[in-house]
Amino acid sequence: MAKNVLTPQAEDFPRWYQDVVAKAELAENGPARGTMTIRPWGYAIWEHVQSDMDRRIKATGHDNAAFPLLIPMSYLEREAEHVEGFSPELAVVTHAGGEELAEPLVVRPTSETVIGDAMSRWIQGYRDLPLKLNQWGNVVRWELRPRLFLRTTEFLWQEGHTAHATWRDAQDETLQILHEVYDATISELLAIPTVIGRKTERERFAGAETTYTLEGLMRDGKALQMGTSHHLGQNFAKGFDIAYTDADGERKLAWTTSWGVSARVVGGLIMSHGDDRGLRLPPRCAPAQVVVVAVRDEVLDAARDLSGRLRAAGVRVRLDERTNVGFGRRIVDWELKGVPVRLELGPRELDAGQVALARRDGDGAKDAVALDAVVDRMPGLLAEMQQALYDQALARREAATQDVQGVSDIDGPGFFRVPYKVVGDAGEDALNERGYSIRCLVTADGDVPGPRGDDDEDLIAYVSKAY
RNA sequence: CGGGAUGUAGCGCAGCUUGGUUAGCGCGCCACGUUCGGGACGUGGAGGCCCCGGGUUCAAAUCCCGGCAUCCCGACCA
């Protein structure tokens, strides 16, 4: 039996995370504190998230655009709560071109302000609404305690910004993104089940009227916010004069939304599925879905033929021809990197007209599969594994979720569902003191609640520790 | 921003207490050979402003002073 390649999860989960990020060659620290270099294997995962989400963003009627990285400081100040919320984590450019700037420039921590400014010019009449934009980019928020993927000073993300004629339209947009874009990608591509709900007042985005969130539960029983969607009310419309003339000739303020998902979800992917052998990637987001390991030189031609046939069948496949490297080393490498299916082809298999197949979602046992059947079987197998990883994650979350009646019952890892009315503001303080927080609020039926209102009495709070 | 620690080869570290040969070890890298079915082994080799600056000394990785950087622990965030 192989010795541990990684620190076991049960021994030290954060250490396991660091180990797997390094050894699976996902990312490393950049030279400046809090920065991250994303390596090809990690970036390929993010690219799958990007392309899946981008497709859904466009399918729901949004257009991509690109806005500036540098924003005049005065823009942020136009929305009081916004600037107050972000000021502690702003990076500000005060000098450029060898001189002190007349007005400092902020490196965007998010783009509500520049985009609001553009919207105010692009929107004139009600026919210009809704205006639904999205941008893929990077933002900077000065972080004191960075962690690769999970919390870095500069991070990659997507931010959507929309403007609507009515409160209702903006609300529908906010919720549509949550379900049709974010949850769809996170559950179907990343195979991570989420709890979708409303943030409490103290967790609300600076400048938003209402903030919604998708929360995943990691293998160590801590929650990770996987994405957010905000109803901004008319807060930014006021600050940036995003107004339109309606059908009656009356001038009205628009209602705006914003929503974002970052490369943090890659961290969520690692911590949702990974085990003591390394990453376990759902096939849909795996940089390689199948690796063909040529055991010895004699079988190289056959291995090339097999990988060629898989590729022709639309499978993302890698061929490992490194016969100069020890067999065990190569196997461990691919397990670390989380490739869903490993096909080992050696003289023994070739003679029998077979290939040894190992699934990364299983116990490491290998099946002998006929060489002429393996390609046909692969799409079905990959789909099955995609579902299996989701089912495992969901079962784990359900086992780690319990209903309790009071704050005093909350102790240990996992989600605690507690009636919101018995927590209250004081209860939330007490929880925060102990490292717990209300991740989100849901209705008694588990649905996403509307904005703050009378029915808050009946909401359920999901409480846990969080990243 | 408060407390603790660390900067020596690509990575991980020893050496420093008590200055003194040519600064070592493991992993990785390169070459050759033997191996190769769950992290192989041998032989040889390459690779160092010992964080930076100053000081003490015949002599500094080692002692002193001053910087800088990073990591860990306590208040925010996708």
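Residue numbers start from 1 in every chain, and the chains themselves are labelled A, B, ... in the order their sequence lines are given, proteins ahead of strands. Everything numeric here is computed off the predicted structure, so don't read it as measured data.
Contact check on A:K199 versus A:E215 returns a salt bridge, with a Lys/Arg side-chain nitrogen under 4.0 Å from an Asp/Glu carboxylate oxygen. Using a 4.0 Å cut-off between charged side-chain N and carboxylate O, A:D301 and A:R304 make a salt bridge. With respect to A:R359 and A:D361, a salt bridge is recorded, a charged nitrogen being found less than 4.0 Å from a carboxylate O. In this structure, A:K337 pairs ionically with A:E25, as a charged nitrogen and a carboxylate oxygen lie closer than 4.0 Å. Between A:D275 and A:R360 there is a salt bridge, with a side-chain nitrogen of the basic residue lying less than 4.0 Å from a carboxylate oxygen of the acidic one.
Nucleotides B:A9 and B:A23, compared at atom P, are 14 Å apart to the nearest Å. For B:G47 and B:G2, the C1' atoms lie 42 Å apart once the distance is rounded to whole Å. With both ends at atom C1', the span from B:C50 to B:G19 equals 15 Å, rounded to whole Å. Annotation: B:G54 and B:G44 have their C1' atoms spaced 43 Å apart (nearest Å). Comparing the same atom, P, in B:G10 and in B:A5 gives a spacing of 28 Å after rounding to whole Å. B:C68 sits 34 Å from B:G24 when the P atoms are compared, rounded to a whole Å. Nucleotides B:G3 and B:G66 place their P atoms 15 Å apart, quoted to the nearest Å. Comparing the P positions of B:U17 and B:A31 gives an interatomic distance of 41 Å, to the nearest angstrom.
For A:D447, the side-chain contact (heavy atoms from CB on, under 4.5 Å) partners two or more places apart in sequence, or in a different chain, are A:T443, A:D445. For the side-chain contact (heavy atoms from CB on, under 4.5 Å) test, residues two or more places apart in sequence or in another chain that qualify with A:T35 are A:P31, A:A32.
For the pair A:R141 and A:W157, the cation-pi criterion (under 6.0 Å, within 45° of the ring axis) is fulfilled. In this structure, A:R439 forms no cation-pi arrangement with A:F415, as its terminal cationic atom is not both closer than 6.0 Å to the ring centre and no more than 45° off the ring axis.
Non-hydrogen atoms lying under 4.0 Å from RNA chain B are contributed by A:R342, A:E344, A:G346, A:P347, A:R348, A:E349, all within residues 339-353 of chain A.
Here the CZ-CG distance, from A:R342 to A:D333, works out to 11.0 Å after rounding to the nearest 0.5 Å. The CG atom of A:D297 sits 8.5 Å away from the CG atom of A:N324 when rounded to the nearest 0.5 Å.
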Taking only Watson-Crick and G-U wobble pairs with both distances under 3.5 Å, what dot-bracket line describes RNA chain B, where [ ] shows pairs that cross earlier ones and | shows pairs with another strand? (((((((..((((......[...)))).((((((.....)))))).....(((((..]....))))))))))))....
Show me the protein contacts with nucleotides 73-78 of chain B, counting only N or O atoms at under 3.5 Å.
from: B:C73; atom 1: OP2; to: A:R145; atom 2: NH2; distance (Å): 2.6
from: B:G74; atom 1: OP2; to: A:R145; atom 2: NH1; distance (Å): 3.3
from: B:C77; atom 1: O2'; to: A:R141; atom 2: NH1; distance (Å): 3.3
from: B:C77; atom 1: O2; to: A:E143; atom 2: OE2; distance (Å): 3.4
from: B:C77; atom 1: N3; to: A:R151; atom 2: NE; distance (Å): 3.0
from: B:A78; atom 1: O3'; to: A:Q225; atom 2: NE2; distance (Å): 2.2
from: B:A78; atom 1: N6; to: A:T152; atom 2: N; distance (Å): 3.2
from: B:A78; atom 1: N6; to: A:T152; atom 2: O; distance (Å): 3.1
from: B:A78; atom 1: N3; to: A:S262; atom 2: OG; distance (Å): 2.7

Which pairs, protein N/O on one side and nucleotides 44-46 of chain B N/O on the other, fall under 3.5 Å?
none

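At a threshold of 4.0 angstrom between heavy atoms, the contacts of A:T323 include nucleobase atoms, whether or not backbone atoms are also involved. At the heavy-atom level, A:E335 lies under 4.0 Å from base atoms of the strands shown. Using a 4.0 Å heavy-atom distance criterion, A:N29 is classed as making no nucleic acid contact.
Other residues, nucleotides and ligands contribute only 12 or fewer heavy atoms inside 6.0 Å of the CD atom of A:E84.
Judged by atom type and distance alone, A:K366 does not reach the base of B:G37 through any side-chain donor-acceptor pair under 3.5 Å.
B:G38 atom P lies 17 Å from atom CG of A:L357, rounded to whole Å. Summarising the geometry, the separation between CG on A:D333 and P on B:G28 is reported as 12 Å, rounded to the nearest angstrom. Atom P of nucleotide B:G38 and atom CD1 of A:I331 are separated by 9 Å, given to the nearest angstrom. Atom CZ of A:R330 is separated from atom C1' of B:A40 by 13 Å (rounded to the nearest Å). In this structure, A:N324 atom CG and B:A40 atom C1' are separated by 13 Å, rounded to whole Å. One interatomic measurement links the two molecules: CZ of A:R329 to P of B:C27, which rounds to 11 Å at whole-angstrom precision. When the P atom of B:G39 is taken as reference, atom CG of A:D276 falls 18 Å away, rounded to whole Å. The distance from atom CD of A:Q18 to atom P of B:C72 is 7 Å, rounded to the nearest whole Å.
Sequence order on RNA chain B of the closest nucleotides to A:L336 and A:V325 puts A:V325 first from the 5' end.
Counting only N and O atoms by type, the side chains of A:T60 and A:E180 include no donor and acceptor under 3.5 Å apart. In the model, A:S229 has no side-chain atom that pairs as donor or acceptor with a side-chain atom of A:T174 under 3.5 Å.
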A:R330 vs A:V291, side-chain contact (heavy atoms from CB on, under 4.5 Å): CA-CA, chis, key distance, verdict: CA-CA 11 Å; A:R330 297 156 75 198; A:V291 58; over 6 Å; no
